[in-house]
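First up is the structure itself, then whatever we jot down about it.
The analysis underlying the following values was restricted to heavy atoms, covering all of them including side chains, and did not include hydrogens, waters or symmetry mates. Proteins get letters first, then strands, A, B, ... in listed order; numbering begins at 1 in each.
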Amino acid sequence: MAVTYPQLSHGALQQILADQKVNRPILQIIVYKQMSQSDQLKYRFQMSDGVETCSNFVIILPELIQRISKGEFEKFTVVELKAYTCTVNPGIGREIIVVSDMSVVMSGAKIGKRLDKQESNGGFLSNAGNTSLNGKPRAEPSKTASPMAAAKSGVSGPQSVCPISAITPYFNAWKIRARVTSKANKRNWSNARGEGCVFSFDCMDESTEIRVNAFTKECDKYYDLIEVNKVYYITKGTVKTANKKFSNLANDYEITLNSDSVVELCADIEVSEMPKIRYRFVQIKDLESVALQSVVDVLAVVKNVDECMSITSKKTQKELKKRDIALVDKTSYEVRFTLWNEVAEQFDGQTNQIIAIKNAVVGEFNGRTLSGVSSTTYQLDPDIPETNILKEWFEREGQTLSTNTLSKSYEGVRDNEWKFLSQINEQTVNGDNRSYFNIRARVVQTGRNPIYKACGQNGCLKKVTDNNNGFYHCAKCQTDSTQFEPRLILSMALSDCTSEVWITLFQEQAEKILGISAKELHELQESNPPEFVKALTASEFKEYSFRIGSKVEQYMDESRIKSVAFNYTPIDAIKHAKQLIKNIAEWTD
DNA sequence: CCCCCCCC
């Protein structure tokens, strides 16, 4: 039986070399070879469009190089060029075509020969998308001129725009047009070499992505100009080998801006025309085996979103905000992802949403954890095919599967452990240690005097004493003021089928469970005592799930839990029941 | 030329 050969895009090479963009041309690989004059691995390909050949196709992208070494693009393979850029390399004075994405239409082994004009024009109907009705190649010059053509016509300056993937330390005359995908905060540094400030940003175009660093002078010059999502032309800079320890970008190089650099906002292109963020996902299960402090991308279901909490850094005594998020993916492995400060406060993801995280750092604390850093970005329900696949998996089976968590909390207690109240009473109380677990219980009693008067100055919040002369004294600030801030320390007795435990809720949690602000509650106490009692007891005899992350203390022969975060979200009833059954099994063993 | 990224 005769083989029906794929149809090549006749004439495409001529158009490409004339700077006319051809959409996804179909070409045949005639021969390729490794180029070894630099320390960067490159391949040069000779391609045919059935009419003529061109030997100036260059492959630099590591992903494609890996596929070459796997034998995907052997001699005579017909490929579709999905992304490429034609640029003039001043070094060799002729056009080179940098290929950043291509896929196989038919393998070289199956074709086994160079296709001539007739053979490659035979109405290859099984690939209808590439065949127009009159049998001519679908590929045609696109309506938008290429960046290069635009450059030549003076729209974006005198110099050609080249793909980021063409940037190497051996090619100085580059000009790129890239969209900024993340921007790190400005930071000061000082060491033996001197001192200064630095910031960096990550950007990308159709070909790949790259990190750009700006030190001291350039830091001050460009810090305000650079904004996430905007598109910039960048010309000149020092190209250095990227330290993979600090980024997960698909580039072996990074740019350091210098005094010759020119960075200009590109106003003549819609951001929507620029490529979206590309991820290189690692499965959660595999985080166990990646090096600590490495930078990874993860796609996962948001399984739980903790409250944003305030903590004090022991090192710097600085107050930090953090928020933990539990992530699970198709491996049924779970990992904790910690966001910091503004990002923690602003996180608005919901349980069961899909999250794509780029550039998270792998840490270790009783297992593996993920942490956000300044170049970390995330997208909720990202517009990529994997989102739906993961969502369907989670809805079909993922949500009912028990997970293996990589992030055990303190004392080796699983973050997602559920406890009966009697187990809390049995728990050994040990110093400063915090415990992490979940309980489900009914509020059976509310402490009747939850409001205290706090010093409202400079965020002090210490309890003030009433001088009984219209002034309140703060021992810490050494001041007397007519003003105070009402705040809450709310005690509640919780009950489940095994025991009863007292819990203390501070300000935010107390406001949340009562559904009223401390200030409003105080006003009610002053103006309408019956309504005050009603508001105070609003949560009595209702059932809640509490996520405990606190000390458990002994108090008058009872256990008392202090400072908890708690969930309003319905708990996972199946998981809860399973855990309780497990607990019972352990007891009866 | 930075490379810290925090807490239990």
Side-chain angles (χ1 to χ4, degrees), chain A residues 182-202 211-220 222-223 237-249 254-259 261 291-296 306-326 336-345 357-377 405 407-415 417 430-437 547-552 562-565:
Chain A
S182 80
K183 175 188 174 185
N185 293 327
K186 195 185 218 171
R187 212 157 31 82
N188 292 315
W189 56 273
S190 88
N191 59 28
R193 295 178 185 189
E195 59 179 60
C197 55
V198 64
F199 89 105
S200 66
F201 58 96
D202 296 343
R211 177 159 293 179
V212 182
N213 301 302
F215 286 94
T216 317
K217 256 175 113 178
E218 287 73 37
C219 176
D220 291 337
Y222 296 117
Y223 187 74
T238 313
V239 178
K240 297 177 181 182
T241 306
N243 187 338
K244 295 285 178 185
K245 213 173 139 190
F246 304 111
S247 94
N248 188 33
L249 302 193
E254 55 188 42
I255 297 167
T256 297
L257 298 177
N258 58 38
S259 54
S261 302
L292 286 180
Q293 305 308 315
S294 49
V295 184
V296 295
D306 272 9
E307 298 294 305
C308 189
M309 348 188 157
S310 264
I311 51 167
T312 308
S313 163
K314 274 191 177 151
K315 255 187 225 160
T316 63
Q317 297 302 313
K318 261 198 307 187
E319 182 173 315
L320 308 166
K321 295 257 178 16
K322 65 160 248 186
R323 189 199 291 272
D324 283 346
I325 294 151
R336 191 174 76 202
F337 174 46
T338 305
L339 296 173
W340 299 94
N341 301 323
E342 300 81 21
V343 190
E345 290 177 295
I357 304 163
K358 189 177 177 68
N359 271 332
V361 172
V362 178
E364 188 183 41
F365 186 80
N366 284 322
R368 290 291 155 99
T369 58
L370 291 175
S371 186
V373 293
S374 54
S375 65
T376 304
T377 58
T405 183
S407 315
K408 295 181 180 66
S409 64
Y410 211 77
E411 296 166 339
V413 176
R414 287 162 61 114
D415 271 3
E417 182 168 348
N430 42 2
D432 282 344
N433 288 348
R434 282 166 166 261
S435 294
Y436 294 85
F437 52 87
R547 181 172 168 72
I548 312 295
S550 84
K551 280 190 199 176
V552 175
K562 293 179 82 168
S563 174
V564 298

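Counting any heavy atom pair closer than 4.0 Å across all strands shown, A/Arg187 reaches a base atom. Note on A/Asn341: a base of the nucleic acid sits closer than 4.0 angstrom, heavy atoms only. Using a 4.0 Å heavy-atom distance criterion, A/Glu218 is classed as making no nucleic acid contact. Using a 4.0 Å heavy-atom criterion, one finds that A/Ser371 contacts the sugar-phosphate atoms exclusively.
Panel note: side chain A/Arg187, backbone A/Val198; no donor-acceptor pair is recorded below 3.5 Å.
Put simply, the side chain of A/Lys245 and the base of B/dC3 share no donor and acceptor less than 3.5 Å apart. At a cut-off of 3.5 angstrom, counting only N and O atoms as typed in the model, there is a donor on one side and an acceptor on the other between the side-chain of A/Arg336 and the base of B/dC8.
Taking atom CZ on A/Phe215 and atom P on B/dC4, their separation rounds to 12 Å, with Å as the unit. Remark: C1' of B/dC8 and CG of A/Leu320 are 12 Å apart, rounded to the nearest angstrom. Separating the CD atom of A/Gln293 from the P atom of B/dC2 is a distance of 18 Å, rounded to the nearest angstrom. When rounded to the nearest whole Å, the span between CD of A/Glu364 and P of B/dC8 equals 17 Å.
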A/Phe337/A/Thr376 under side-chain contact (heavy atoms from CB on, under 4.5 Å): CA gap, chis, key distance, verdict: CA-CA 11 Å; A/Phe337 174 46; A/Thr376 304; 4.3 Å; yes
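A distance of 7.5 Å separates CG in A/Asn341 from NZ in A/Lys318, rounded to the nearest 0.5 Å.
In this structure, A/Phe365 counts as stacked on the base of B/dC8 under the 5.5 Å centre distance and 30° plane angle limits.
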